[in-house]
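Note sheet for the following structure.
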Amino acid sequence: MSNRKMDQRKQMGAEQNGARFAATDPGIRGSRAKRALLTLLPSLLLLGLASPGYARPTKEIAIDATPGLSYNRVRFKVEPESTVKLTLNNTDQMMHNLVITRPGARLKVVNAAMRLGSEGPQKDYVPDLEAVLHATPVLNPDEEYTLTFTAPSNEGVYPYVCTFPAHGFVMYGAMYVSTTSSLPPLSSDPHVPSKTGSEGESDKRNVHAPIHRARVLREFMPNCGPAAIAVSLPGNENYCWDAGACRLRYAWQGKFVDLSYHKKDGPAEILGEVYYNAGSDFPLRPGNPSHVPKVEFLGYRLVDSFPEFHYKIDGTGVRELIQVRPTGPGLVRHFEIAGADEPIWFVGPDKADGVSITATKGHWEANQLRLSPQEAEEFAISLELKP
Amino acid sequence: MSHMRFGNRFLGAVCALVTLIGVTVTAQAADSSNYYEIEDIPIPKKVDGETGGLAFLPDGRLAACFHRGDIYFYDPDSQQWRQFAEGLHEPLGLVALSNQALLVMQRPELTRVEDTDGDGWADRYVTLCDDFGMSGNYHEFGYGPAVGPQGNYYISLNTASNGAGIYDEIRGEFRERGRPGRMYSCVPYRGWVLKISPDGRMTPWAMGFRSPNGIGFDSEGRLFVSDNQGDWVGTSKLFHVERGRFYGHVSSLVWKEGFKGNPLKRPVKELDAMRTKPAFLFPHGKFANSPTQPIPTDESADLGPFAGQLLIGEMNHPRIIRLMQDEVAGKVQGAATSLYEGGKLKRGNNRLTFGSNGDLWIAHTARHSGWAGDRGIQRLSWTGKVPMDLLEIHLTEDGFDLTFTKPLDPEIAKDTSHYDVSHYYYEYHRSYGSARHDEQSVAVTGIELSSDYKTASLSLDTLKAGYVYELNLGKLSAQDGTEMLNDQVYYTLSRLTDGSSATPQFAPEPPLQFHALDQGQAEAENATTIQVANRASNNSGYTGEGYVDFQSADQDLLEWVIDDVPGGHYQLQFRYAIAANPRPLRLRVNGNVLRKSFVLPSTGSWETWKMKSVEVSLPSGSNTVRLEAIGQSGPNIDHLRLNKVSD
């Protein structure tokens, strides 16, 4: 048993020069030998050229193919003629490879790969060009592959790129072959993609609030259900309203939100400080303060640019318009609940440090406000930020 | 002239050679731009041109929505843009209801967006339908609406991706059994098409979709939905969608009434038998990687001879695909070729609509999270010149009838060597994508030309259901010397003319086996997935039936999917044996690498078993533990224990 294992490991002596391959799809196993060959050939050629007897340490580089047509590492430096062990791990949902080209040959290789047409898949989208130095096979999601090669003897910037059709226009990086230690600043390095993926639109996702009107932005927001609505109001007031739960979630002061590219579909980042958190319970209770109603979101209309949310609680229509407090920091929530046949309770959060909550109508019992059906027809709750 | 059948290949080849020499002199270059013009439409300055939807208003203005949430109107006469709305959550489709109102599909809902006071700025956002779940996973896109013949709307909902998790707080019911899998459906109707009446009532319509970014009706009122290569989708496809049917991606079955349990546990053969086969397959890498929106070339289109067909965009290549339908024994199937490729056309051909003069308007996208396209809007217009192309294809008892836009050069067309035909099939399985199997050339055994030389009837050596037939017609040309504009044709043969529709024979993957942990212990030999590694029992001392013996340096994989784990902090204990030097493995839990190099120290002999532990927090429900060889094979693994340490 153990002997057989040892033999197999010896046979895999190619490990020194490449081929580490975690296949998860049985369909591609058959082409592994070809893939290994593809990798080995250029490496062996270069090894042959390298001057004997002078060993440099092996440089190990790990690069992930990541969502958004990108490599997580967009450049690295190696010394000329050093041994490089480069491992590509495909963490994306799409297929990717990594091809190292001669300096300045990235687009030439990418376009030649596109022209392979129906031959592309068999060739792992690697064109037969002298400009191609090393290439991994195309990796399925979750696959990993290690290329081992000797770095070129000529100093220079050697692009690496995914040649899967169309990826190479934005998915690339740079191998610096150099004996000096410094690289240009990343932000001004012309050999790496701009941070935004393409066409340099760096700060576009920093959504600025207009000064004189409200702005509605439906986006994934932190600490909210997925159907979130972020709203910025004049005076640096902002709030997050949950269109799934039909309620205000929190309010913050400061700038609006950052939706930068690198956030990769995570929630937006709040550019300010949250001063009010509405707690976890639905606040409007028809009939009984412990009765949580069934809610239904109906949409919103803009009233002088401010959204007025429309929803139903147990079938009764509610309108809620949130404005800036006219006399100081904080918000006013204007409610209209027409046709209620029972009292409506407004149940505040257990605690709202730093905010005083007052109502234009009804009677408070601890943190619960009781409104008669007539009072509920039109009332307001004020959230005043304490100085 | 009666139909001719030519058997003499030699004579045919000589004729063809002679004619080919003639062709090189007189031929018109086969280039899409000789027949169609492409014009770039400038996009509004403030948007980045990731275009999610495109529709014309009754007054002739164009409405476009952009991924980042804005809607603009474009006046083709003045060439001016004006913003109409902002703040939508990734809108990926729209239809015009009037000059002031649109219906927009955004992530959380189908919304009527309206300007009620006539100032040109939308002020009313009415939720027409939000009766579906959202887990917070970024991959849960919503597509559509397509407007049906009765005025109902149809939307399609993407599944979630295991490349990202879900929110603590979700919208809609959560079903744990929909959570495992590469693309998953743990909230209602992910992977479904829904019908929504004009007053907002929702009916679940059809299921089995992975990433259905294209939805539309043909000119006969049939609904078509596209899907993208991935798990359960061997290559990208277009389905003819009918109520209640299942189209192959299994996660959505969780929301089918009466369907019990986790669909990943069902035998693949059973799932295969349940599904409805696609109308069109798009060979991945060869032709199309991400087909998008289908649109009929109905009376509003003016693209030359191709009336009454379907077009569909392609994301990764500069290509507009043309589809030729062929109903065979009641099954809608047919062939794909190009309408236009290359030239000035960009990639990212995501949404299509026809303008008032029959031009095709194309919305491009290259979504920031990685769709391999381009940005902006283009207009494609026909020059009036008729290209030499395949116009129709029909399956016959022994081959295909090919009808062309112009009479064929008969000397070339009657030679069987001028038709390259091959076939292959794609497997239906859980793994990502599929190789092309049984790829073989198919001999053309005979040709008959119609008296007008427009139709060639091919007889083929074999015809098999379940295969794609790839035809290369590039050697043909028209009688007037025009070369074929598009030479590649891909016919999806789901059903033969006698009504039979056998699935190609292949050994289906075993279903995933899930463990109900037996007193916290899962034997390796019964693991959910054992790849390359062998089950063995020749070294004593194991528990259960045996153990798993790692075989190769780097390909082995051992994975347990363990159901119904109460959430908490756990100690994972591996029982193993290894005689000499350790052979580290990579340990993944729920896909994440927990130990890059998990060292199981020598036990001194193959019959001496020891435990090695690692601690990890596990969410409640289904959990996956995986050991992977990373270059040095691995030890023998006996079992895995889960010991709960704390909540």
Side-chain angles (χ1 to χ4, degrees), chain A residues 1-2 5 8-9 12 15 19-29 67-70 91-95 114 117-118 120-121 125 140-142 164-167 196-199 201 204-205 215-220 224-227 229 243-244 261 264-266 297-302, chain B residues 48 69 86-89 106-109 111 123-127 130 134-136 138 161 163-164 167 169-171 182 230 284-287 289 316-317 347 366 368-370 372-373 427 431-435 488 531 538-539 549 551-555 557 579-580 606 628-633:
Chain A
M1 175 87 17
S2 55
K5 284 188 177 181
Q8 274 177 342
R9 253 190 297 162
M12 294 300 291
E15 163 71 6
R20 184 148 70 81
F21 184 52
T24 53
D25 181 348
I28 58 171
R29 247 186 264 139
L69 295 184
S70 57
T91 67
D92 191 14
Q93 284 289 330
M94 302 186 211
M95 299 196 241
M114 294 273 286
S118 60
Y125 300 102
N140 279 320
D142 297 335
F164 196 85
H167 291 188
T196 56
S198 69
E199 289 159 27
E201 34 184 334
K204 221 163 199 174
R205 291 304 270 167
R215 168 160 189 168
V216 177
L217 179 70
R218 303 193 70 163
E219 259 297 347
F220 288 132
C224 184
I229 303 179
Y261 256 42
K264 298 283 187 210
D265 293 303
F297 182 60
L298 303 176
Y300 58 94
R301 69 177 179 127
L302 301 181
Chain B
D48 62 15
E86 68 179 2
L88 298 165
H89 199 165
Q106 50 175 333
R107 274 184 185 277
E109 61 190 52
T111 311
D123 51 53
R124 193 84 178 80
Y125 295 76
V126 180
T127 305
D130 63 357
M134 294 176 84
S135 73
Y138 79 99
S161 162
Y167 279 21
E169 209 175 318
I170 61 167
R171 187 179 79 184
R182 187 183 283 280
H284 190 86
K286 278 175 173 269
F287 186 64
N289 294 4
N316 292 48
H317 299 91
R347 296 166 299 131
H368 45 289
S369 82
E427 274 189 11
S431 304
Y432 193 96
S434 162
Q488 291 300 116
Q531 209 163 273
N538 49 336
N539 289 302
D549 178 9
Q551 297 292 306
S552 77
D554 52 13
Q555 295 171 68
L557 181 159
W606 290 105
E628 299 163 344
I630 54 171
Q632 297 179 59
S633 190

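Here is how names work: the chains are called A, B, and so on, in the same order as the sequence lines, proteins then strands, and each is numbered from 1.
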Show the nearest heavy-atom pair for residues B/Tyr432 and B/Arg182, with the distance to one decimal.
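Looks like CD1-CD, 3.8 Å.
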
Please report the shortest heavy-atom distance between B/Pro108 and B/His89, naming the atom on each side.
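Reported closest heavy-atom pair: CD-CB, 3.6 Å.
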
Can you sort out the partners of B/Thr111 under side-chain hydrogen bond (donor to acceptor under 3.5 Å, both in side chains), two or more places apart, ordered by chain and number?
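B/Gln106, B/Glu109.
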
With sequence neighbours left out, what residues match B/Arg171 under side-chain hydrogen bond (donor to acceptor under 3.5 Å, both in side chains)?
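Not a single residue meets the side-chain hydrogen bond (donor to acceptor under 3.5 Å, both in side chains) criterion with B/Arg171.
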
Under 4.5 Å heavy-atom distance to chain A, tell me which part of B/His284 shows up: side chain, backbone, both or neither.
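Both the backbone and the side chain of B/His284 come within 4.5 Å of chain A.
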
Would you mind checking which part of B/Asn316 comes under 4.5 Å of any heavy atom in chain A, side chain (CB onward), backbone (N, CA, C, O), both or neither?
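Both backbone and side chain.
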
In terms of heavy-atom pairs under 4.5 Å, which option from A/Gly299, A/Gly120, A/Pro226 contacts chain B the most?
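Heavy-atom pairs under 4.5 Å are most numerous for A/Pro226.
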
